[in-house]
Amino acid sequence: MDLGIKGKRALVCASSKGLGRGCAEALAEAGVDLVMNARGAEALEAAAQEIRDRHGVKVVTVACDVTTEAGQQQLIDAAQGVDILVTNAGGPPPGLWTDWNRDDFIKALDANMLAPIALMKALMPGMIERGWGRVVNITSQSVKSPIPQLGLSNSARAGLTGYVAGTSRQVAPHGVTINNLLPGIHDTDRAASLDGGVSKKEGISVESARAQREASIPARRYGTAAEFGATCAFMCSQHAGFMVGQNVLLDGGVGNQTL
Ligand code: NAP
């Protein structure tokens, strides 16, 4: 399917690896020029070069921390005039409700709620002026089925979800859509580190920890970054112009819900 976005330009945050990288790859395959970001400059430049070589699109890299104001400003400067924004960052650490103080919450809100909001606020006016834009925020399955030990993530992502629900309706008349893409367990470094944690805690091999988790997913496997990226690229395509303020869940059937 021709996604109809060849020649457009996108900022994809936190994209040297994992789900962000999957989104960058799929957009590049559709002919979209990229601004890519991560903190580690070396892995970021290597990922960018692979994408340039494979898809022949222009890729600019900005090595910075998207959760800081200074990082956001660097990204906004490099991404002036983009048509597509994909927001992403690492997730907050797990724990117990008794573990977290105000500073922990502020950090989580900065990373997973206020950073995407700052980027939307800076980059959507240009999209509105040009009458076309797409925003996809990478959030989590925990928005629909909160995970008890991820209280910081549950809180911050719920805040972003509420913001998107209202704001998406305000920008839709101008041809700009905002939607959220909710990953369940995907085969990235993050999933591997979660398996490593279970392996240590339960005294089983990493392979057994993964097999246990796969058995709990109706699709009986982890999702791939390529599948995730393809869905993101579709949500950024011409065909998705009528999708507004949605929370699109990719979890292999884990969440047993109808909405
Ligand atoms: P990942 O494989 O660990 O990749 C994270 C990517 O983001 C890397 O390129 C990393 O590069 C970059 N990054 C991390 N923190 C950053 C920051 N502060 N500023 C700029 N770049 C940053 O992670 P992932 O699995 O793709 O997860 C992406 C998001 O989806 C996370 O918020 C995670 O909580 C959420 N999620 C993932 C899953 C899953 O199963 N994978 C499930 C639910 C939710 P640098 O380290 O060099 O910065």
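Atom set for the values below is all heavy atoms of this structure, side chains included, hydrogens, waters and symmetry mates excluded. Quantities reported herein were computed from a predicted structural model and do not represent experimental measurements. Each ligand, and each atom within it, is numbered from 1 in the order the structure gives.
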Could you work out, for [atom], the closest of [options] by heavy-atom distance?
{"atom": "atom 25 (O) of ligand 1", "options": "T188, D251, N37", "answer": "T188"}
{"atom": "atom 8 (C) of ligand 1", "options": "S16, P183, A38, C13", "answer": "S16"}
{"atom": "atom 33 (C) of ligand 1", "options": "R213, R190, Q141, K17", "answer": "R190"}

Is there a heavy atom in [X] that sits closer than 4.0 Å to ligand 1?
{"X": "A43", "value": "no"}
{"X": "L44", "value": "no"}
{"X": "M36", "value": "no"}
{"X": "C64", "value": "yes"}
{"X": "S193", "value": "no"}

Using only atom types and a distance under 3.5 Å, with no angle test, would you say the side chain of [X] pairs donor to acceptor with the backbone of [Y]?
{"X": "D83", "Y": "G133", "value": "no"}
{"X": "N154", "Y": "L150", "value": "yes"}
{"X": "N180", "Y": "V164", "value": "no"}
{"X": "T68", "Y": "D65", "value": "yes"}

Closest approach of any protein heavy atom to atom 22 (C) of ligand 1, naming residue and atom: A14 CB, 3.7 Å
task: Report the nearest protein non-hydrogen atom to atom 47 (O) of ligand 1: residue, atom name, distance rounded to 0.1 Å.
output: G40 N, 2.9 Å
query: Does ligand 1 have a heavy atom under 4.0 Å from the side chain of E42, from its backbone, from both, or from neither?
result: neither
Per-atom contacts, ligand 1 versus [X] - under 4.0 Å to a heavy atom:
{"X": "L19", "result": "26 (O), 30 (O), 37 (C)"}
{"X": "I185", "result": "40 (O)"}
{"X": "T139", "result": "35 (C), 44 (C)"}
{"X": "G91", "result": "31 (C), 32 (O), 34 (O)"}

message: Strictly less than 4.0 Å: does any protein heavy-atom distance to atom 29 (C) of ligand 1 fall in that range?
response: yes
Classify the side-chain pair [X]/[Y] by whether it contains a donor and acceptor separated by less than 3.5 Å.
{"X": "D195", "Y": "Y222", "value": "yes"}
{"X": "T87", "Y": "N137", "value": "yes"}
{"X": "E227", "Y": "H186", "value": "no"}

- request: Could you check if a side-chain atom of R134 sits within less than 4.5 angstrom of a side-chain atom of L85, using non-hydrogen atoms only?
  value: no
